[in-house]
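Everything numeric here is computed off the predicted structure, so don't read it as measured data.
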Amino acid sequence: MNVAIIKYNAGNVQSVLYAMERLGAEAVLTDDWETIQQADKVIFPGQGEASTAMAYLKARKLDLLIKELKQPFFGICLGLQLLCDYSEENDTPCLGVFPVQVKRFPNWEKVPHIGWNSLENRRSPLLEGLDEQAFAYYVHSFYAELHEEYTIATSQYMLEFSALLHKDNYYAMQAHPEKSSGTGEKILTNFLNL
């Protein structure tokens, strides 16, 4: 199993590399087109700020590459948000894989949303085998709105938002599976087995 983890100057990639190692997958952090194109699976993780991350992707034309990929692709946290149409964070047009808007949580006194939250309304092979009471670990100040077709799990923090999205070969999760104990390990294993 050959996994490309897209490098785009976002934080939190090291923990994803460690998670892949624990699961027996050979992963490389890269922004090289050929390496990404030839990977069996691609992961797009990260913590950071939307406009800076998009500028890095555009400078290397990774914004074009990401939308052309055919292998299973998994966006995590900022990776989910950048796969959407638009983010309110610094008024940022994003990749547009999912026709979804990313918005600020309304109450800044309780933001960011940090901690464990349940995954509700689940409908995806990515979530098979999870306990009824599966919880995932979140750290975010922005959220992806719900989409009738592409939202495959929801979570709640002040309001209901897309916990996971899926369209074609693209999957994305707002929480951090690499920090979500057994729940996250199962989700990553399911992704590697797609």
Side-chain angles (χ1 to χ4, degrees), residues 1 3-30 39 41-50 52-53 56 72-84 87 89 94 98 100 102-105 110-122 124-144 151-166 170-194:
M1 177 70 61
V3 180
I5 297 176
I6 295 181
K7 174 185 171 186
Y8 64 106
N9 279 2
N12 197 49
V13 292
Q14 200 61 49
S15 57
V16 177
L17 282 164
Y18 290 144
M20 291 295 101
E21 189 178 307
R22 285 194 307 273
L23 295 173
E26 199 165 311
V28 59
L29 180 64
T30 182
K41 305 281 191 311
V42 178
I43 297 180
F44 186 46
Q47 290 175 329
E49 185 273 319
T52 306
Y56 187 97
F73 186 102
F74 192 25
I76 297 171
C77 193
L78 180 61
L80 172 142
Q81 295 180 8
L82 295 181
L83 287 170
C84 294
S87 174
E89 186 173 25
C94 297
F98 299 110
V100 172
V102 173
K103 301 204 166 174
R104 284 179 210 269
F105 279 116
K110 298 177 182 175
V111 174
H113 169 211
I114 299 175
W116 296 85
N117 232 332
S118 61
L119 298 171
E120 310 291 340
N121 305 308
R122 296 182 250 166
S124 170
L126 205 61
L127 304 170
E128 279 179 14
L130 290 184
D131 292 341
E132 288 275 320
Q133 301 299 319
F135 280 74
Y137 185 75
Y138 290 87
V139 182
H140 62 127
S141 300
F142 295 80
Y143 68 93
T151 298
I152 56 170
T154 64
S155 199
Q156 292 221 12
Y157 183 71
M158 294 189 272
L159 45 78
E160 190 175 33
F161 61 88
S162 291
L164 285 102
L165 293 164
H166 173 215
Y170 296 92
Y171 297 81
M173 183 173 187
Q174 180 61 66
H176 288 276
E178 75 285 2
K179 295 181 178 179
S180 295
S181 193
T183 295
E185 189 168 296
K186 182 62 179 166
I187 290 169
L188 288 171
T189 299
N190 287 345
F191 172 71
L192 294 176
N193 289 334
L194 288 174

Set of residues satisfying ring-ring contact (aromatic ring centres under 6.0 Å, His included) with respect to [X], sequence neighbours excluded:
{"X": "Tyr8", "answer": "Phe44"}
{"X": "Tyr157", "answer": "Phe105, His113"}
{"X": "Tyr137", "answer": "Trp116"}
{"X": "His166", "answer": "Tyr171"}

Answer yes or no: is there a side-chain heavy-atom contact under 4.5 Å between [X] and [Y]?
{"X": "Val102", "Y": "Leu82", "answer": "no"}
{"X": "His176", "Y": "Gln47", "answer": "yes"}
{"X": "Val42", "Y": "Pro72", "answer": "no"}
{"X": "Asn9", "Y": "Thr52", "answer": "no"}
{"X": "Leu83", "Y": "Leu165", "answer": "no"}
{"X": "Asp131", "Y": "Leu119", "answer": "no"}
{"X": "Ile43", "Y": "Ile6", "answer": "no"}

[X] [atom1] to [Y] [atom2] distance, which is reported to the nearest 0.5 Å:
{"X": "Gln174", "Y": "Tyr138", "atom1": "CD", "atom2": "OH", "answer": "7.5 Å"}
{"X": "Asn117", "Y": "Ser155", "atom1": "CG", "atom2": "OG", "answer": "3.5 Å"}
{"X": "Ile76", "Y": "Gln81", "atom1": "CD1", "atom2": "CD", "answer": "13.0 Å"}

Mind checking what makes side chain to side chain donor-acceptor pair (under 3.5 Å) contact with [X], not counting sequence neighbours?
{"X": "Ser162", "result": "Thr151"}
{"X": "Ser118", "result": "Glu120"}
{"X": "Glu89", "result": "none"}
{"X": "Glu160", "result": "Asn121, Thr154"}

Nearest non-hydrogen partners of [X] and [Y], listed with the distance:
{"X": "Lys41", "Y": "Leu194", "answer": "NZ-O, 3.4 Å"}
{"X": "Leu130", "Y": "Arg122", "answer": "CB-NH1, 3.1 Å"}
{"X": "Ile152", "Y": "Leu127", "answer": "O-CD1, 3.8 Å"}
{"X": "Phe74", "Y": "Pro177", "answer": "CE2-CG, 4.1 Å"}
{"X": "Cys84", "Y": "Ala144", "answer": "SG-CB, 4.2 Å"}

TODO: Check for a donor-acceptor pair, side chain of His140 on one end and backbone N or O of Phe142 on the other, with a separation under 3.5 Å.
DONE: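 The answer is yes, because a donor-acceptor pair under 3.5 Å joins these two groups.
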Open item on the list: If we ignore hydrogens and angles and just use 3.5 Å, is the side chain of Gln156 paired with the main-chain N or O of Leu159 as donor and acceptor?
Closed with: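 Judged by distance alone, no pair lies under 3.5 Å.
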Task: Results of salt bridge (charged side-chain N to carboxylate O under 4.0 Å, His left out) for Lys103 - residues two or more places apart only - done: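 Testing Lys103 for salt bridge (charged side-chain N to carboxylate O under 4.0 Å, His left out), a comparison that skips the adjacent residues, returns Glu145.
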Open item on the list: So, using side-chain contact (heavy atoms from CB on, under 4.5 Å) as the criterion, who are the partners of Ala25 when residues are at least two apart?
Closed with: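 Partners of Ala25 under the side-chain contact (heavy atoms from CB on, under 4.5 Å) test: Met1, Val3, Met20, Leu192.
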Task: From CA spacing to verdict: side chain to side chain contact (heavy atoms under 4.5 Å, CB included), Val13, Lys7 - done: CA-CA 8 Å; Val13 292; Lys7 174 185 171 186; over 6 Å; no
Open item on the list: Let's go through Ile5 and Thr30 carefully: what are the C-alpha distance in whole Å and the side-chain angles of both, what is the deciding distance for side chain to side chain contact (heavy atoms under 4.5 Å, CB included) to 0.1 Å, and is it a yes or a no?
Closed with: CA-CA 6 Å; Ile5 297 176; Thr30 182; over 6 Å; no
Open item on the list: I need the full list of side-chain hydrogen bond (donor to acceptor under 3.5 Å, both in side chains) pairs touching residues 179-192, with sequence neighbours left out, sorted by first then second residue.
Closed with: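 Listed once each, the pairs are Asn12-Lys179.
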